[in-house]
Each structure stands twice: as C-alpha cells, then as structure tokens.
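What follows is a short report on a single structure.
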Amino acid sequence: MPRPIQATIDSNALRHNLAQIKASTPDALVWAVVKANAYGHGIERVFDALRAADGFALLDLVEAERVRQLGWRGPILLLEGAFETRDLELCSRLNLWHVVHNEAQIDMLAVHKTHQPHRVFLKMNSGMNRLGFAPSAFRAAWTRLNALPQVDEISLMTHFSDADGDKGIEAAVATFSKFTHDLSGERSLCNSAAVLRHAKAQNVRADWVRPGIALYGSSPDYPQHAANEWQLQPAMSLNAAIVGVQHLQPGDTVGYGSSYAADRAMRIGVVACGYADGYPRSAPTGTPVCVDGVRTQTVGRVSMDMLTVDLTNLPQAGLGSEVTLWGRPQHTKSDGVQASGVSIDEVALSAGTIAYELMCALSSRVPVNTRPSPHLKNPS
Ligand SMILES: *Cc1c(COP(=O)(O)O)cnc(C)c1O
C-alpha cells in the first residue's frame, strides 16, 4: 500500500476562482499565471479548469511548450521574456508573446530573423526595482521597439511591489501613467492583490490582468482578508493519515530535540507527512491541522517524513484518521457533512511564510489526484 498521503487539486475551485476574478474586473482580459508549474499544482492538472482564461502567463520556455502541447492556441506570455537570443526562435515557432524589460532583449530582437513579427509587453520599473525600464528610459525603449520590423504590437506593463499592503499602488500607478499616457498599446498592471483590492480604482486601466495566487484560492493579503472573504476556494488540499499514536505523561517530550514537553497527560497522533513532502519544517507547535475534520494543532518539530498532532481532545481519532494539513478533507464525514478544513494561508502564517511558497514546495513524492476525477483511472 502506498504511504497514506495525498494531494488533491480541485478543478471546480479553480474554475470558481477564475470566474471570481473575472467578475471583479469584468472588462479586462485575464492572463492565468501558471509559472512554477502552476504554483505547484501542475500545469497539466489545472489547464482544463483555467482554459476559460484569455491567455497563460509563465516564464519558463519548457512550460510554454507544455501549454502548447496541451492544445492551447491562444496567447501565452513569457513574463521575463527571452533569456538568450535563441529563445526568440521558440517564440516565433510557438507564437509566444514576451516581455521586454531591458536593452539587451531589444538587441536580441533586432538581430532575430522571423517571418512573423512578435507581440511584446514592454515593462516599466515602477518602484519594485527588479525588472523593467526606468520610467525615464521607457519612451526611448518603446520608440526603439516600435521601429523594429521584428515587432508587431507593443503592450505596456508594470508589476506592483505593494498591491497587497498599506503602501498600495497609488505611486506606482501615477508613475506608470505619467510616462505612458501618450503611448499607444494595451496595458497590463494588476496581479491578484491589485485585482482584488484596487482594480476598481479609476486610474488603474487594466486591459489585461495577471492573477496567480487568487486562482489557486489563497488570499493575496492574508491575514487582512481570508480567502473566503474574497470568495476564493482552495484549489490544493494536502491530506495524510495517522500512522501512530502515543500516550504522554506530564514531562514527556515529543520529537527531535524534545522541543515540546507535555504539561498534562496527552494523546499524540503521528502523521505520515513531513518536510520531505513539502510541509514546512518551520511550522511551530500550535500550527492548525484538522483530524477527521476537527481542528487541532501540531506539537513538536516537523521531521522529514512525519509530524505530530495533539489528539487529547479527539478521543474518537486514532490510527488511520484523516489529517488535513491544508485545504479540505478528502473524505466527507459519515453524516455527509463536508468537514471543515485548514486554510493554507493560516499554515503559512504560522510557519512564517506565504501560501505561494507552500504550494510551490509540494514535493514530487506526494501523489496528486484531481477532483472531480476526469475519468476513472485503471486500477493498478
Ligand atoms: C507571478 C506574477 C504575477 C502573479 O502574481 P500573484 O501575486 O500570484 O497574483 C503577476 N505578474 C507578474 C509579472 C508575476 O511575475
């Protein structure tokens, strides 16, 4: 029997989240951001549910090829553009649109031989100071691109550093507007946080939005807003089972380093999930989990293959009980009621990180199924 751990990707949740994004910015075209293997969910697993998007955005050329292999003939955007000249050959062959964020990429385009001119997204650095042309250099870049026979349409984009926080996007939007107002081309500004928090602002023109995390059902500004406050549903669930039970006396300790000591008689469940599965080792005692749909918490250190949870107040739980590390339980309770789950945002916060990192870190050793299953798999 395989080890009792399972990740589940919920296609209906993905569909719902995409519809939710579209409803919050009804006039915009939507890039479904599927970089990093669809934030750890698997491009092939999310593709069908997200094909109602207007395009797919990612940055790895191999991933772009995978999206084309799935039969997608619509737009694909390379968010970091070409890394070397020959990448442009693949852009020509697969009709990939690509970001241009520096002079070197314009140089590459200028010597690229193509029958079909490329659609490019010219990126401004509006304060993040990662990729993009300085506002003062933006017009010259646009002019240079516009003169190239290799270039078809030029769209204008930027990426916000603070769409999820107090600083907000006002200054970045003002900079972007000031240096682009008389340039033609479609605009793409908003990531998930900007769509949910700011897309209705008057000056945020959004021909294309670029949601990632919201599609996967995590709140981009947790804990200010929980995912359900944004009407988002978790796309990824991680469930495992209890494979051992221990009874502790006061003073007994749990796990490596004896970092947790019982101050009373306790029952401890040992769960078949550890950091080698992608559960963060940094999650301290007290991180929320669900056992058979009832909330409890972790105790002691997370180890490679196991972690431990408090079952003291869950007398009915024991060997084989389902443990939801994040997302929703896989099994409904016997009364048919959908048991509660644990939001990945809560687990991430407890571990001092963000849901993005947990999703991306789901380990390849964890078997993944999709729900609802597209067809019954052959029993193996
Ligand atoms: C990753 C990324 C996004 C999506 O960001 P989320 O916070 O996941 O919505 C949008 N635009 C760019 C340029 C990105 O790199």
Side-chain angles (χ1 to χ4, degrees), residues 13-14 17-18 20-22 24-25 28-41 43 46 50 53-61 63-64 67 75-83 96-102 105 120-133 155-165 167-169 172-173 176 186-199 204 206-222 224-225 227 230-232 234-236 344-345 348 353-362:
L14 291 163
N17 296 336
L18 176 57
Q20 204 56 39
I21 294 281
K22 287 187 158 187
S24 31
T25 176
L29 297 167
V30 177
W31 289 114
V33 179
V34 294
K35 64 191 180 190
N37 198 24
Y39 290 46
H41 293 63
I43 287 177
V46 303
L50 298 182
D54 301 287
F56 289 91
L58 39 69
L59 40 93
D60 193 315
L61 285 100
E63 292 188 339
V67 174
I76 295 177
L77 177 63
L78 296 177
L79 289 167
E80 295 185 2
F83 302 99
L96 309 178
W97 302 1
H98 50 98
V99 166
V100 172
H101 64 76
N102 64 18
Q105 290 179 326
V120 298
F121 277 61
L122 182 61
K123 185 167 188 176
M124 182 190 292
N125 170 15
S126 59
M128 170 92 91
N129 287 311
R130 266 179 359 181
L131 301 182
F133 287 88
S155 300
L156 314 178
M157 74 178 278
T158 194
H159 190 45
F160 299 128
S161 56
D162 288 82
D164 56 335
K167 184 174 173 190
I169 65 171
V173 170
F176 183 80
E186 294 187 334
R187 268 66 170 164
S188 179
L189 307 179
C190 297
N191 60 358
S192 298
V195 170
L196 295 173
R197 293 167 62 97
H198 305 292
V204 183
D207 300 304
W208 288 89
V209 294
R210 305 189 305 270
I213 196 71
L215 296 174
Y216 306 102
S218 149
S219 171
D221 64 353
Y222 188 81
Q224 202 180 338
H225 295 95
W230 292 124
Q231 324 284 334
L232 301 171
M236 180 192 284
I344 192 169
D345 294 316
T353 182
I354 52 177
Y356 298 71
E357 191 180 28
L358 299 189
M359 291 174 179
C360 292
L362 183 73

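Computation of the quantities below employed the complete heavy-atom set of this structure, encompassing side-chain atoms and omitting hydrogens, waters and symmetry-equivalent molecules. Residue indices begin at 1 and follow the sequence shown. Order of appearance sets the numbers: ligands from 1, and atoms from 1 within every ligand.
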Distance-only N or O hit between ligand 1 and S192, under 3.5 Å: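 N/O-N/O distance under 3.5 Å: yes.
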Short N or O distance, A193 and ligand 1, threshold 3.5 Å exclusive: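 Min N/O separation from ligand 1 is not below 3.5 Å for A193.
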Ligand 1 contact on R210 by region, counting heavy-atom pairs under 4.0 Å: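 Both backbone and side chain.
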contact_flag Y39 ligand 1 heavy-atom lt 4.0 Å: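 For ligand 1, residue contact (heavy atoms, under 4.0 Å) with Y39 is present.
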Donor on one side chain, acceptor on other, H159 and R210, under 3.5 Å: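 Side-chain D/A pair, H159 to R210: present.
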Heavy atom of the protein closest to atom 7 (O) of ligand 1 (residue, atom name, distance):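 Of every protein heavy atom, Y356 OH, 2.6 Å lies nearest to atom 7 (O) of ligand 1.
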Atom 15 (O) of ligand 1 [closest protein heavy-atom partner, distance rounded to 0.1 Å]: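 In this structure, atom 15 (O) of ligand 1 has K35 NZ, 2.7 Å as its nearest protein heavy atom.
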Test ring pair (Phe, Tyr, Trp, His ring centres under 6.0 Å) applied to W230 - qualifying residues, sequence neighbours left out: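 With sequence neighbours excluded, W230 shows a ring pair (Phe, Tyr, Trp, His ring centres under 6.0 Å) to H225, given in chain and number order.
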For F56, all residues meeting ring pair (Phe, Tyr, Trp, His ring centres under 6.0 Å), sequence neighbours excluded: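 F56 satisfies ring pair (Phe, Tyr, Trp, His ring centres under 6.0 Å) with F47, W72 once adjacent residues are dropped.
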Contact atoms of ligand 1, heavy-atom distance to I213 under 4.0 Å: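 Selected atoms, number and element: 6 (P), 8 (O), 9 (O).
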Distance-minimising heavy-atom pair for A13 and A235: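 Closest approach of A13 to A235, heavy atoms only: CB-CA, 4.0 Å.
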Check: D54 side chain, V30 main-chain N or O, donor-acceptor pair, under 3.5 Å: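 Here the side-chain-to-backbone pair exists.
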Whether T353 side chain and A348 backbone form a donor-acceptor pair below 3.5 Å: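 The answer is no, because no donor-acceptor pair under 3.5 Å joins these two groups.
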H159, M359, M128: member with heavy atom nearest to atom 12 (C) of ligand 1: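 Shortest heavy-atom distance from atom 12 (C) of ligand 1: H159.
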